[in-house]
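Note that ligands are numbered from 1 as they come in the structure, with each ligand's atoms numbered from 1 the same way.
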Amino acid sequence: MSYETLTQEEREGIAIVTIRRPEKLNALNQKVMKELHACFEQLRDDDAVRVVIVTGAGEKAFVAGADISELAVLTPVGGRAMSLAGQRTLGLIENLGKPVIAAVNGYALGGGCELAMACTLRIASENARFGQPEVKLGIIPGYAGTQRLPRLVGKGRALELILTGEPVTAQEAYRIGLVNLVVPQSGLMTSAEALARKIMANGPLAVRFAMEAVNHGAEMTVAEGQFLEATLFGLCCTTEDKNEGTRAFLEKRPAKFVGK
Ligand code: COA
């Protein structure tokens, strides 16, 4: 499928989605959001895709936020609808059933930071900047930033970022646990692909169920989360991959997983 504001390429099980509005620092207008939704639905259903990498075009921005020219004319009802639709799209990304790596190549502000947080893992280039500057515009984060940021970095730091609206550097984002890795910009995509391949060497169903246990478990009590974990653990024990993975270890050879 082809899109106006995104490009998508696939190599050896890795899909790379690039948001392309570099003249507006890849700001998320409604067209981008609709295309992202359609693109991720297609990637979810494509069994040949094992890991997705999301990045922004150019060397300056991952995504510099929701498109402020659209925000400027939002009505109350339109604002609510936009927030709900954006939350749905980011929820789709978070629960895609396969890992999504954000390769953050520059500004990740507002909706850009929220998009990165909906991804499973985040790698940042050294020039990346993260922030939730919405209060500077008289609004609050609307794509679940108020919910995902405290879960990632803790309530105190999340409130500091959300209430001051000030961005943090990639190194600071790493220090507070907002990103997994910081690399030079020239090595960003290579590092993201290397991380993707590390995950792809593991059992696809195990990867999927582990993400389900973490994502859904986070919404439950610890006891309910443990019950879910035990159920998914049992489900893993029904798979060919579990037989292959354990046998391969005992036979001292690499496992060949089939995702069944
Ligand atoms: N929405 C719409 N357009 C945006 C945008 C956004 N979130 N962020 C940047 N742009 C546009 C600018 O208006 C400018 O367009 P123009 O050339 O037609 O005037 C272009 O992208 C380049 O941005 P510019 O501000 O000139 O770049 P800069 O290097 O001086 O500053 C930022 C970069 C990221 C600091 C600055 O663009 C910025 O603060 N953007 C808004 C960030 C924000 O508040 N995001 C949250 C929205 S909820």
Side-chain angles (χ1 to χ4, degrees), residues 3-7 17-37 54-91 93-94 102-119 122-153 157-174 176 178-179 182 185 188:
Y3 303 98
E4 270 177 44
T5 63
L6 311 175
T7 53
V17 177
T18 307
I19 300 172
R20 289 195 186 276
R21 285 187 81 207
E23 71 291 352
K24 295 289 177 192
L25 304 187
N26 305 319
L28 300 174
N29 63 11
Q30 287 311 294
K31 179 91 187 162
V32 179
M33 291 305 287
K34 284 205 176 80
E35 292 197 338
L36 268 180
H37 199 97
V54 190
T55 192
E59 298 201 335
K60 195 167 169 185
F62 173 67
V63 165
D67 191 309
I68 297 172
S69 62
E70 289 187 351
L71 296 179
V73 294
L74 265 186
T75 61
V77 171
R80 181 170 182 271
M82 177 189 148
S83 176
L84 288 172
Q87 289 170 358
R88 265 196 303 277
T89 298
L90 269 52
I93 293 172
E94 183 169 41
V104 181
N105 53 309
Y107 289 113
L109 302 176
C113 189
E114 290 170 305
L115 171 63
M117 289 191 291
C119 295
R122 284 150 290 284
I123 301 185
S125 57
E126 286 162 344
N127 64 317
R129 296 287 179 275
F130 293 80
Q132 296 290 161
E134 287 87 348
V135 289
K136 292 179 188 273
L137 302 169
I139 52 174
I140 66 171
Y143 291 165
T146 61
Q147 303 306 302
R148 288 199 179 93
L149 190 56
R151 283 167 171 79
L152 269 172
V153 304
R157 289 191 202 286
L159 280 169
E160 187 182 340
L161 282 168
I162 292 169
L163 299 185
T164 64
E166 290 298 319
V168 294
T169 62
Q171 275 307 334
E172 177 65 0
Y174 175 72
I176 65 178
L178 184 50
V179 299
V182 180
Q185 187 158 47
L188 180 64

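- For atom 38 (C) of ligand 1, the nearest protein heavy atom is 4.0 Å or more away.
- Contact annotation for atom 45 (N) of ligand 1: protein present (non-hydrogen atoms, distance under 4.0 Å).
- For Glu23, the closest heavy-atom approach to ligand 1 falls below 4.0 Å.
- Atom 29 (O) of ligand 1 lies below 4.0 Å from at least one non-hydrogen atom of the protein.
- In terms of heavy-atom proximity, Glu70 sits nearest to Gln30 at OE1-N, 3.0 Å.
- For atom 13 (O) of ligand 1, the protein comes within 4.0 Å by no heavy atom at all.
- When only non-hydrogen protein atoms are considered, atom 4 (C) of ligand 1 lies nearest to Lys24 O, 4.0 Å.
- Here the shortest heavy-atom pairing between Tyr143 and Arg148 reads O-NH1, 3.9 Å.
- A donor-acceptor contact shorter than 3.5 Å links the side chain of Asn105 to the backbone of Gly56.
- Under a 4.0 angstrom heavy-atom cut-off, Arg129 registers as lying outside contact with ligand 1.
- Between the CD atom of Gln87 and the CD atom of Glu114 there is a distance of 8.5 Å, given to the nearest 0.5 Å.
- Of the possible donor and acceptor atoms, one in the side chain of Arg21 sits under 3.5 Å from a partner among the backbone N and O of Ala27.
- Atom 23 (O) of ligand 1 is flagged as protein-proximal [any protein heavy atom, distance under 4.0 Å].
- Remark: Glu23 engages no residue in a salt bridge (charged side-chain N to carboxylate O under 4.0 Å, His left out) (not counting sequence neighbours).
- What sits closest to atom 41 (C) of ligand 1 on the protein, heavy atoms only, is Ile68 CD1, 3.7 Å.
- Remark: distances from the non-hydrogen atoms of Leu71 to ligand 1 include one below 4.0 Å.
- The nearest protein heavy atom to atom 1 (N) of ligand 1 is closer than 4.0 Å.
- Of all atoms in ligand 1, listed by their number and element, those nearer than 4.0 Å to a heavy atom of Leu109 are 34 (C), 42 (C).
- Checking atom 48 (S) of ligand 1 against the protein gives a heavy-atom contact under 4.0 Å.
- Here CG of Leu28 is found 13.0 Å from NZ of Lys34. Values are rounded to the nearest 0.5 Å.
- Only the side chain of Glu134 comes within 4.0 Å of ligand 1, counting heavy atoms alone; its backbone N, CA, C and O stay farther away.
- The protein non-hydrogen atom at the shortest distance from atom 27 (O) of ligand 1 is Lys60 NZ, 3.5 Å.
- Sorted by first then second residue, the salt bridge (Lys or Arg N to Asp or Glu O under 4.0 Å) pairs that include residues 54-63, not counting sequence neighbours, number zero.
- The heavy atom nearest to atom 43 (C) of ligand 1, out of those in Gly110, Ala72, Gly65, Ala64, is found in Ala64.
- Taking a distance limit of 4.0 Å, we find that atom 16 (P) of ligand 1 is approached by some protein heavy atom.
- Remark: the backbone N or O of Thr5 is paired with a side-chain donor or acceptor of Glu35 at under 3.5 angstrom.
- A salt bridge is absent between Glu166 and Arg129: the closest approach of a Lys/Arg side-chain nitrogen to an acidic carboxylate oxygen does not fall below 4.0 angstrom.
- Of all protein heavy atoms, the one closest to atom 9 (C) of ligand 1 is Leu25 CD1, 3.8 Å.
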